[in-house]
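As structure tokens, the structure follows; a few thoughts come after it.
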Amino acid sequence: MDEETVERVRAVVAAIPPGETSTYGEVAEQAGLPGRARLVGKILSEDGADLPWHRVLRANGTSAPHIAHEQAERLRAEGILMVDGRLPREHRRTADRRRES
DNA sequence: CCCTTGACGTAAC
DNA sequence: CGTTACGCCAAGG
């Protein structure tokens, strides 16, 4: 794994403004790693302890089971509330937003 | 070198 | 909503 890649991902995550959220896929894209969302998860799990990783959720607004509790708690501290285990689209920054009509 | 495991994503049933 | 299948990729057995 390139340190370069790791740093870019870390930078993107660190740049997410408080009160807003993003997704693994989006972070990957912004970091120049299209389609490598999984990589982002890997990186956050290893070198993301000191980052606002709680602002990063899955594309559908849910979070992985083992971090769900802490995730919800940290977000709540920023004024974001999880509804039925998922995050309302109103709080998603640049996430999905497909099918509107 | 092959196989398994994930903080993932999208499409199809 | 839930499961399958596939695509993607790094790390550890």
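Convention: sequence-line order gives letters A, B, ...; per-chain numbering from 1.
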Please give, in whole Å, the distance from [N] [atom2] to [X] [atom1]?
{"X": "A/His66", "N": "B/dC8", "atom1": "NE2", "atom2": "C1'", "answer": "12 Å"}
{"X": "A/Glu46", "N": "B/dC8", "atom1": "CD", "atom2": "P", "answer": "13 Å"}
{"X": "A/Asn60", "N": "B/dA7", "atom1": "CG", "atom2": "P", "answer": "15 Å"}
{"X": "A/Tyr24", "N": "B/dT10", "atom1": "OH", "atom2": "C1'", "answer": "17 Å"}
{"X": "A/Arg10", "N": "B/dA7", "atom1": "CZ", "atom2": "C1'", "answer": "15 Å"}
{"X": "A/Ile67", "N": "B/dG6", "atom1": "CD1", "atom2": "P", "answer": "14 Å"}

Interatomic distance, CZ@A/Arg58 vs CD@A/Gln71, rounded to 0.5 Å, equals 10.0 Å
Value rounded to 0.5 Å, distance of OG1 in A/Thr21 from CZ in A/Arg55: 10.0 Å
Of all heavy-atom pairs between A/Ile16 and A/Ser22, which one has the smallest distance, and what is that distance? CD1-CB, 3.8 Å
Among residues 34-45 of chain A, which ones have heavy-atom contacts with DNA chain C below 4.0 Å? A/Gly35, A/Arg36, A/Arg38, A/Leu39, A/Lys42
May I ask you to list the residues of residues 72-82 of chain A, by number, that have any heavy atom positioned under 4.0 Å from an atom of DNA chain C? none
Side chain proximity check, [X] to [Y], heavy atoms < 4.5 angstrom:
{"X": "A/Arg76", "Y": "A/Ile80", "answer": "no"}
{"X": "A/Leu75", "Y": "A/Met82", "answer": "yes"}
{"X": "A/Arg92", "Y": "A/Glu20", "answer": "no"}

Given C/dA11, C/dC1, B/dA7, which nucleotide is nearest the side-chain atoms of A/Met1? C/dA11
Looking at the side chain of A/Ala64, which of B/dG9, B/dC8, C/dC1 is the nearest nucleotide? B/dC8
Under the salt bridge (charged side-chain N to carboxylate O under 4.0 Å, His left out) test, which residues partner A/Asp50, sequence neighbours left out? A/Arg10
Any chance you could lay out the side-chain contact (heavy atoms from CB on, under 4.5 Å) test for A/Met1 and A/Val6, step after step, and finish with the verdict? CA-CA 8 Å; A/Met1 175 84 94; A/Val6 178; 3.6 Å; yes
Salt-bridge contact A/Arg74-A/Glu78 (side-chain N to carboxylate O under 4.0 Å): no
